[in-house]
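The structure appears below as structure tokens.
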Amino acid sequence: MTVGATRSGTILLVEDEEDIATLVRTYLEREGFGVMWVARGADALLALEQNEFRLAILDLQLPDADGLDVCRAIRDSSSLPVVIVTARDEEIDRIVGLELGAAAYVTKPFSPRELVARVRAVLRRAEPEETQDAVIAGDIALEHDGRTVSVAGRQIELTGREFDLLAYFLAHLGTVMSRERLLERVWGLSFPGGTRTVDVHVAQLRRKLDRPDLIRTVRGSGYKAAA
Ligand code: CA
């Protein structure tokens, strides 16, 4: 797996009304998107921990949670674009939702076509063309084509896996990632007890890059890269 895998990620649909969920899902799938549907806020947070998504569509009135709290939780842990979909057409929700970082706000009833158009527009904004080959984070430069990494202008020798792991971290700056997720995304593996190899590779990256603050340990959760 490489960082390119994020492109094919699915859309997380958080909606407790089955009719609406089915309709939205059908339209999105027809447009070529993958969709994971959950009906509760708690399930949404769980899904977010275990999967990688391109975007979340979030209903504000959920049976177990206020969608705005779910939005806040998403924003606290990732840069995932959020489209709020709600029957609550209250100015205050709209303002709070957008202040929380929601990328768009769609009021029910809406046409599925309109929603798909909004989703596309948000993705265009959130995912600029990947013409940029180099990733710069502080004084670290990573070049995808040549698979080279330099720190403060000095080239660093990394193994293929170390390079993939660093590329994945740099593509997800600020996001807390569990060892399981890293193992699955970078190694393409998921097996219990296999996460020790993640720790070993992170330790090697820290040593080789000599930038101890780049990849931080988040106690009980995993790792987070910060430029
Ligand atoms: Ca609802």
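Ligands are counted one by one from 1 in listed order, and the atoms in each one are counted from 1 as well. Note that the structure is predicted; figures quoted are calculated from it, not measured.
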Side-chain donor/acceptor pairs under 3.5 Å, residues 27-38, sequence neighbours excluded:
{"unit_1": "E29", "atom_1": "OE2", "unit_2": "R25", "atom_2": "NE", "d": "3.2"}
{"unit_1": "E31", "atom_1": "OE1", "unit_2": "R120", "atom_2": "NH2", "d": "3.1"}
{"unit_1": "W37", "atom_1": "NE1", "unit_2": "E15", "atom_2": "O", "d": "2.7"}

Could you pull out every donor-acceptor pair under 3.5 Å between side chains of residues 73-85 and any protein atom, sequence neighbours left out?
{"unit_1": "R75", "atom_1": "NH1", "unit_2": "S78", "atom_2": "O", "d": "3.0"}
{"unit_1": "R75", "atom_1": "NH1", "unit_2": "L80", "atom_2": "O", "d": "3.2"}
{"unit_1": "R75", "atom_1": "NH2", "unit_2": "L80", "atom_2": "O", "d": "2.7"}
{"unit_1": "R75", "atom_1": "NH2", "unit_2": "G101", "atom_2": "O", "d": "3.4"}
{"unit_1": "S77", "atom_1": "OG", "unit_2": "A73", "atom_2": "O", "d": "3.2"}
{"unit_1": "S77", "atom_1": "OG", "unit_2": "I74", "atom_2": "O", "d": "3.4"}
{"unit_1": "S78", "atom_1": "OG", "unit_2": "I74", "atom_2": "O", "d": "3.2"}
{"unit_1": "S78", "atom_1": "OG", "unit_2": "L80", "atom_2": "N", "d": "3.2"}

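Around the Ca ion (ligand 1), the protein N, O or S atoms closer than 3.0 Å are D16 OD1, D59 OD2, Q61 O, listed by chain and residue number.
You'll find the side chain of L55 stays beyond 4.5 Å of the side chain of L12, heavy atoms only.
Test L165, I136, V149, L142 against L170 for side chain to side chain contact (heavy atoms under 4.5 Å, CB included) and you get one pass: L142.
R206 and T217 share a donor-acceptor pair across their side chains, judged by distance under 3.5 Å alone.
Sorted by first and then second residue, the pairs that involve residues 201-227 and meet ring pair (Phe, Tyr, Trp, His ring centres under 6.0 Å), not counting sequence neighbours, are W187-H201.
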